[in-house]
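Hydrogens, waters and symmetry mates play no part in the numbers below; they use all other heavy atoms, side chains included. Read the numbers this way: they start at 1 and go in the same order the structure lists the ligands and their atoms.
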Amino acid sequence: MEANSKWQVSGGVAERYEENLVPVIFIPWAQELLNRAELIVGEAVLDAACGTGIVARLASDRVGPDAKVVGADINAGMLNVAKSKSEEEGKLIDWVEADVGDLPFGDASFDAVFCQQGLQFFPDKLSALKEFRRVLSLDGRCVICVAQSLEHNPLMNGQIEILTRYIGEDAANAIRAVCSLSDSSMIHDLFAQAGFSKIDIESVTLTLRHSDGKAFVAGTMSSTPAADAISILPEETRQELLQEFLNTFGSYYDGHALAFPHVSHVVHARV
Ligand SMILES: C[S@@+](CC[C@H](N)C(=O)[O-])C[C@H]1O[C@@H](n2cnc3c(N)ncnc32)[C@H](O)[C@@H]1O
């Protein structure tokens, strides 16, 4: 439960997260965050709770090859995938194993700090935001996104229903944690308490798409912290679970492709 609520994965799950979830979910959100930060060439960027590092990798294209770009995460498996992907893409990015509550960087060492779908998993959210503010320069900005509640997010809602039914409450907890920080006034208070000013919180809905619904549900279920529990189910039960998961999308599935809403708060705050 403790590891699950921090979205901890092991084995080959980090590779599958990169392969299955990043193109459909995390690239579109990363572009949203990067557009709002208005990065300029040469700016220093931190991707906090970077996972496989998609925000850092895309930020690197915007700030150029000579700028400092760093990704930090507590999960070594996620960082290994981040490192091999950035090497493959020919990008110079530093990958650092660190807890967001105690970042190993000097004061005012970044122009922008991003945190994509990470804040909801931190046990001490205020300490993390204070750290983000500490490492930002005087004109620095922090841009993050956090998923809204389950009723707005059919993907997570369906996953929870199916994991609870086929595996148990505990297996659904990592997904429940994704939507656990949906109150925008609470998010605003946390940023204000951490000392940020000009805190803008916007509700953003993206339509996420996959041309093969069956492949997407199989890929998604194999890329979360519940993947191991699913992989040991008898094959027939696993196939039934995947079909039932696909059914939860209702009219968002047309028999071939999926197109479903994914709703988050996007926060843009200044030091
Ligand atoms: C849903 S993933 C999002 C990853 C990434 N930001 C992306 O857009 O793909 C959440 C990440 O938060 C990381 N995480 C959770 N708690 C953390 C902490 N206290 N410090 C650093 N990283 C943390 C997890 O290891 C995981 O990689």
Test your reading of the structure: does [X] have an N or O sitting under 3.5 Å from an N or O of ligand 1?
X: Asp47; answer: no
X: Ala49; answer: yes
X: Thr52; answer: no
X: Val100; answer: yes

Testing the basics here: between [X] and [Y], what is the closest heavy-atom pair and its distance to 0.1 Å?
X: Asn75; Y: Gly77; result: OD1-N, 3.0 Å
X: Ala147; Y: Gln117; result: N-OE1, 2.9 Å
X: Glu97; Y: Leu79; result: CA-CD1, 3.5 Å
X: Phe216; Y: Asn20; result: CE1-O, 4.5 Å
X: Gln148; Y: Ser264; result: NE2-O, 3.3 Å

Side-chain heavy atoms of Phe196 within contact of Val267, under 4.5 Å: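 Side-chain contact under 4.5 Å: no.
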Within-4.5 Å side-chain heavy-atom neighbours: Gln120 and Val178: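 Result yes, sub-4.5 Å side-chain heavy-atom pair found.
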Numbered atoms and elements of ligand 1 in range of [X], under 4.0 angstrom, heavy atoms:
X: Tyr17; result: 1 (C), 2 (S), 3 (C), 4 (C), 5 (C), 7 (C), 9 (O)
X: Phe121; result: 1 (C), 10 (C)
X: Asn75; result: 25 (O)
X: Ala98; result: 20 (N), 21 (C)
X: Asp99; result: 19 (N), 20 (N)

Close approach, Ile74 and ligand 1, non-hydrogen under 4.0 angstrom: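 A heavy atom of Ile74 does come that close to ligand 1.
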Close approach, Cys50 and ligand 1, non-hydrogen under 4.0 angstrom: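 Cys50: in contact with ligand 1 (<4.0 Å).
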Ala30 contact mode with ligand 1 (heavy-atom cut-off under 4.0 Å):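 For Ala30, no heavy atom sits under 4.0 Å from ligand 1.
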Geometric class of the Phe245/Phe249 ring pair [parallel <30°, tilted 30-60°, perpendicular >60°]: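 Phe249 and Phe245: tilted rings.
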Leu92 atom CG, over 12 foreign heavy atoms within 6.0 Å: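 Count not over threshold, so no.
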Option of least heavy-atom distance to atom 1 (C) of ligand 1 (set: Glu131, Glu97, Gln117, Met78):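 It is Gln117 that holds the nearest heavy atom.
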